[in-house]
Each structure stands twice: as C-alpha cells, then as structure tokens.
Amino acid sequence: MTARARAVPPPQVRVQYAVSRRGLPSATRVRRIATLAAARAFAATVRFVGTREGRALNARFRGKDHPTNVLTFVYDDGGGLTGDLVLCVPVLRREAKSQGKSVIAHCTHLLVHGFLHLQGHDHERDADAARMERREAALLAALGFANPYAP
C-alpha cells in the first residue's frame with residue numbers, strides 16, 4: 001500500500017443483499033475493494049438487487065425502463081461524501097456470461113467502476129474515459145483481475 005493510500009481513511013461501507021448472496025462477493029471483500037479504490041474519504045451503501053428493483057430505480061432516476069448493471073448515486077451535501085451503489089445481479093450475471101468472465105471478476109469491475117463514479121470520475125469525454133479506464137485497470141490488477149478494456 002502506498003503512503004498516499006494510507007493517508008485516506010478507510011471508507012465506511014454497508015452492504016445489503018436483496019437477492020441470494022451465492023456467487024457474489026462477501027461484504028468483507030466489497031469493503032476491501034472500496035478501500036483500495038478510495039482516493040478520498042467516503043461512506044457508501046452497496047446494494048445487490050434483482051431485476052424488478054434494478055428496473056424501477058433505473059426508470060425513476062435515469063428514465064430508462066430496463067435494469068442496468070450498476071447505478072451510482074452521490075449525495076455530497078457538505079457533510080462528507082456519501083453515496084449508494086446498486087448492482088443488478090441478473091444483469092451482471094448475464095453480462096459476465098456473455099463476456100466470458102466469472103461473476104466475481106465482472107462484479108469486482110462494476111464495484112470499482114461505481115466507487116470511482118462516487119468519487120467524481122466520469123467517462124463523458126474521451127480523455128476522462130481513458131483516465132477512468134486506466135484507473136479501473138490498475139485497481140483490478142491490484143485485486144488480481146485482468147484489464148476489462150484490453151483487446
């Protein structure tokens with residue numbers, strides 16, 4: 001761990017499973033991923049959901065009537081950075097299978113991606129996307145996973 005990483009307090013992360021935990025990362029592993037991804041202090045709730053809840057949240061907050069793999073909600077109200085990550089398990093399982101990845105590898109990538117969004121990273125512009133992808137790849141390598149963006 002670098003001196004910079006040690007200077008950042010570990011994030012406060014709550015983990016909720018609204019679906020079976022089978023094949024998903026443990027709450028301890030989710031917290032480890034959050035700690036590795038933390039470039040600043042934050043608190044977050046990570047919730048693993050089914051299709052119905054994933055679809056309802058995506059429709060309500062993004063206007064899209066289908067479930068998506070991960071949603072990140074940021075609540076930076078001046079009292080500290082807080083947020084929620086919602087992962088739709090049926091979507092991530094389907095994507096992992098179609099991409100030839102393990103569920104854990106794909107889920108870890110989505111968690112890293114969501115934790116980076118929570119801290120202000122985005123991929124709206126090409127330069128920002130490239131920077132975010134490099135950071136994701138580095139974090140995933142530190143966790144023992146391949147670069148999801150490699151050809």
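If you read the sequence from its start, that first residue is 1, and numbering goes on from there. Keep in mind the model is a prediction, meaning the values are calculated, not measured.
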Legend entry - Result of checking Thr28, Val13, Val112 against Ile33 for side chain to side chain contact (heavy atoms under 4.5 Å, CB included): Val112

Inset, instruction - Taking the side chain as every heavy atom from C-beta outward, state whether Leu111 and Cys107 have any pair of such atoms under 4.5 Å apart. - result: yes

Legend entry - Closest contact, heavy atoms only, Leu116 versus Ala37: CD2-O, 4.2 Å

Legend entry - Distance in Å, Arg40 CZ paired with Leu118 CG, rounded so as to fall on 0.5 Å steps: 8.0 Å

Inset, instruction - Give, for atom NE2 of His106 and atom CD of Gln99, the distance between the pair rounded to the nearest 0.5 Å. - result: 5.0 Å

Inset, instruction - Taking Thr82 for its side chain and Tyr75 for its backbone only, find out whether a donor-acceptor pair lies under 3.5 Å. - result: yes

Legend entry - For Ile104 against Gly23, the heavy-atom pair lying closest together: CD1-O, 3.4 Å

Inset, instruction - Taking all heavy atoms of Pro148 and all of Leu140, pick out the closest pair and write down the distance. - result: CD-CD1, 3.5 Å

Legend entry - Min side-chain heavy-atom separation Cys88-Asn69 under 4.5 Å: no

Legend entry - Minimal non-hydrogen separation, Ala18 against Glu53, with atom names: CB-OE1, 4.0 Å

Inset, instruction - Show your reasoning for whether side chain to side chain contact (heavy atoms under 4.5 Å, CB included) applies to Arg93 and Leu24. - result: CA-CA 10 Å; Arg93 287 187 193 284; Leu24 298 176; 4.2 Å; yes

Legend entry - Note, Tyr17 side chain near Val89 side chain (heavy atom, < 4.5 Å): no

Legend entry - CG on Leu87 to OG1 on Thr68, rounded to 0.5 Å: 10.0 Å

Legend entry - Closest approach of Val15 to Arg31 (non-hydrogen atoms, all atoms of both residues): N-NH2, 4.4 Å

Inset, instruction - With the side chain counted from C-beta on, respond yes when Phe61 and Val86 share a heavy-atom pair under 4.5 Å apart, and no when they do not. - result: no

Inset, instruction - Determine whether the side chains of His113 and His117 contain a donor N or O and an acceptor N or O closer than 3.5 Å. - result: yes

Inset, instruction - Enter the distance from Gln119:CD to Met132:CE here, rounded to the nearest 0.5 Å. - result: 10.0 Å

Inset, instruction - Evaluate the side chain to side chain contact (heavy atoms under 4.5 Å, CB included) criterion for residues Phe115 and Leu36: first the C-alpha distance (whole Å), next the side-chain angles of each, then the deciding distance (0.1 Å), finally the verdict. - result: CA-CA 10 Å; Phe115 287 131; Leu36 187 64; over 6 Å; no

Legend entry - Closest non-hydrogen atom pair, Gly50 against Pro90: CA-CD, 3.9 Å

Inset, instruction - Give a yes or no on whether Gln16 atom CD has more than 12 heavy-atom contacts from other residues, nucleotides or ligands under 6.0 Å away. - result: yes

Legend entry - Check: Asn58 and Pro67 side chains under 4.5 Å, non-hydrogen atoms: no

Inset, instruction - Group every Ile, Leu, Val, Met, Phe, Trp and Tyr by side-chain heavy-atom contacts under 4.5 Å, then state whether Val91 and Val103 land in the same group. - result: no

Inset, instruction - Nearest 0.5 Å please: distance from the CZ atom of Arg32 over to the OG1 atom of Thr108. - result: 9.5 Å

Inset, instruction - Measure the CZ-CG distance between Arg47 and Leu57 for me, rounded to the nearest 0.5 Å. - result: 8.5 Å

